[in-house]
There are 2 protein chains.
Amino acid sequence: MSSHDAIALLRTQSLTNLVHEELEQRIATGQLLPGAPLREAAIATDMGISRGPVREAFRMLEERGLVMFEKNCGVRVRQLDLQQATQIYQVRIPLEGLIGELVTRTLTSEAGEQVRQVLDQMAEKVAHQDVPAYTELNFRFHDLLARFTGNAALYDTYRRLVVQLKLFRSYTFRHDPETIGISLQEHNAIFEAITSPDTSLAGELLRRHAEDSLTRLCAASGSA
Amino acid sequence: MSSHDAIALLRTQSLTNLVHEELEQRIATGQLLPGAPLREAAIATDMGISRGPVREAFRMLEERGLVMFEKNCGVRVRQLDLQQATQIYQVRIPLEGLIGELVTRTLTSEAGEQVRQVLDQMAEKVAHQDVPAYTELNFRFHDLLARFTGNAALYDTYRRLVVQLKLFRSYTFRHDPETIGISLQEHNAIFEAITSPDTSLAGELLRRHAEDSLTRLCAASGSA
DNA sequence: TTATTGCATATTGTTGACAATTTACGATAT
DNA sequence: ATATCGTAAATTGTCAACAATATGCAATAA
């Protein structure tokens with residue numbers, strides 16, 4: 001890292017932010033599972049810092065709905081039951097519709113190209129039946145769409161919900177080698193829609209896409 | 001306060017939470033205006049506590065989008081420009097639709113009665129041309145609806161956005177003695193809708209209600 | 001007069017220590 | 001054997017002090 005980068009880092013980053021990002025990453029990737037306790041002292045000494053910044057990061061994670069404080073008992077990664085996951089999906093569905101409408105209007109050619117690249121990679125993962133990699137790209141696809149709406153409030157709101165969904169135990173098992181093929185087709189249709197002049201089509205597709213995800217989630221959860 | 005209450009308080013509340021609630025209240029009521037700096041030491045000594053809990057509360061407020069950290073420069077109440085407020089409304093509109101649909105299905109008679117009471121008070125304030133009191137009741141009306149959907153994720157998401165809107169300077173001036181009359185009629189119609197068997201009507205009305213609010217906000221902001 | 005340098009002050013970022021509470025475990029009495 | 005009490009360890013909640021950075025002002029030089 002150049003000294004210029006180091007200066008920029010020190011100017012913008014605090015230990016609290018670093019801890020926050022690290023822990024959110026661990027939660028999102030499943031390194032930290034729902035229900036797992038987070039001990040301040042252990043994390044602080046692991047990272048070679050004091051407990052203050054760790055506690056501040058905990059508060060940020062709490063507000064994001066990723067951990068829960070139990071006074072004098074510590075912090076745990078939040079657990080979501082099926083009902084809570086369903087309720088989050090209920091909120092997500094109309095937001096997907098809005099994302100579709102807005103992104104269809106605002107998408108630039110460079111942004112569209114970026115989405116297409118993700119889509120190409122998804123097709124490759126389907127061909128190789130690589131479900132974990134496909135799942136990650138799937139997440140990136142929808143994240144890009146939300147970001148390219150240019151509406152920061154929408155992106156924040158959307159991202160909040162999506163990250164919280166990862167706290168539902170069955171969420172990781174949404175896809176298998178069979179369903180990713182169907183999923184890819186849906187994503188292709190969505191891409192066509194957002195690059196078309198029809199402003200309502202993509203919204204409709206994305207809404208239905210989210211509804212289908214919810215259905216699959218309930219099915220997988222019911223049988224588990 | 002009884003000792004029982006005191007025990008319950010100590011068991012669930014931390015200084016951090018108290019500071020957080022106090023500051024959010026001050027921001028929401030306009031005691032702390034957008035752009036105002038928040039000094040850790042001053043708040044801590046004012047409340048007779050140390051800076052630690054204050055900093056933790058700051059982090060929570062940051063995640064709620066109510067304050068902004070500028071490293072080594074302190075924390076300020078966030079300022080919203082018209083575009084940001086518009087974007088928040090864009091997200092709010094479909095959520096209002098969802099709230100209408102869900103609350104129509106789930107509203108109990110006791111909950112409905114609570115909403116009616118607020119509505120009665122609103123009518124009274126209109127008769128007395130008490131705009132500030134009406135504005136507060138208006139907020140409570142919509143807050144109740146969101147809560148009575150029974151969807152915690154929806155309520156959190158909705159409340160986040162609504163509180164953030166208060167950071168837009170012209171937001172307080174949405175209403176005047178003329179418009180609260182019209183507003184009251186709209187709320188009456190909404191109440192009728194949520195107590196009717198038509199599950200889509202309330203959603204439609206609430207969506208339009210939010211759209212109108214946005215229009216009024218832009219108009220007021222443009223002329224200011 | 002204006003711009004710049006340097007210092008004093010104020011504020012934030014971080015740390016380590018102390019107080020309070022919970023949890024676990026063993027001793028004791030029934 | 002079981003239940004209860006009490007102590008010890010671990011963990012969190014809070015605090016006060018230290019270090020680093022930014023801000024404001026005065027002095028100085030062009």
Counting any heavy atom closer than 4.0 Å, what does A:R55 reach on the DNA or RNA strands: base, sugar-phosphate only, or nothing? base
With respect to the side chain of A:L15, which nucleotide from C:dG13, C:dT15, D:dT14 is positioned closest? C:dT15
From CD of B:Q13 across to C1' of D:dT14 the rounded distance in Å is 16 Å
Which nucleotide in the list C:dT14, D:dG13, C:dG13 gets nearest to the side chain of A:N72? D:dG13
Over how many whole Å does the gap from B:L18 atom CG to D:dG13 atom P extend? 13 Å
Could you tell me whether B:G74 contacts a base, only the sugar-phosphate backbone, or nothing, with contacts defined as non-hydrogen atoms closer than 4.0 Å? sugar-phosphate
Does A:R59 make a cation-pi contact with A:F69 (under 6.0 Å, within 45 degrees of the axis)? yes
Salt-bridge contact B:E211-B:R207 (side-chain N to carboxylate O under 4.0 Å): no
Note, B:V162 side chain near B:I88 side chain (heavy atom, < 4.5 Å): no
Name the closest nucleotide to the A:R51 side chain, picking from D:dT12, C:dG16, C:dG13. D:dT12
Atom CD of A:E40 to atom C1' of C:dT22: distance rounded to whole Å? 14 Å
Rounded interatomic separation in angstrom, taking CE from A:M47 and C1' from C:dG13: 17 Å
Could you give the distance from CG (B:L98) to OG1 (B:T149), rounded to the nearest 0.5 Å? 7.5 Å
Can you tell me the distance, in whole Å, between the NZ atom of A:K71 and the C1' atom of C:dT21? 9 Å
Nearest-angstrom distance from the residue atom CD1 of A:I49 to P of C:dG16: 11 Å
Nearest to the B:R39 side chain among D:dT23, C:dT15, C:dT11, which nucleotide is it? C:dT11
Heavy atoms of other groups near B:Q13 CD, more than 12 under 6.0 Å: yes
For the pair made of CD in A:E56 and C1' in D:dG13, what is the distance, rounded to whole Å? 14 Å
Spacing of A:E70 atom CD relative to D:dG13 atom P, expressed in whole Å: 11 Å
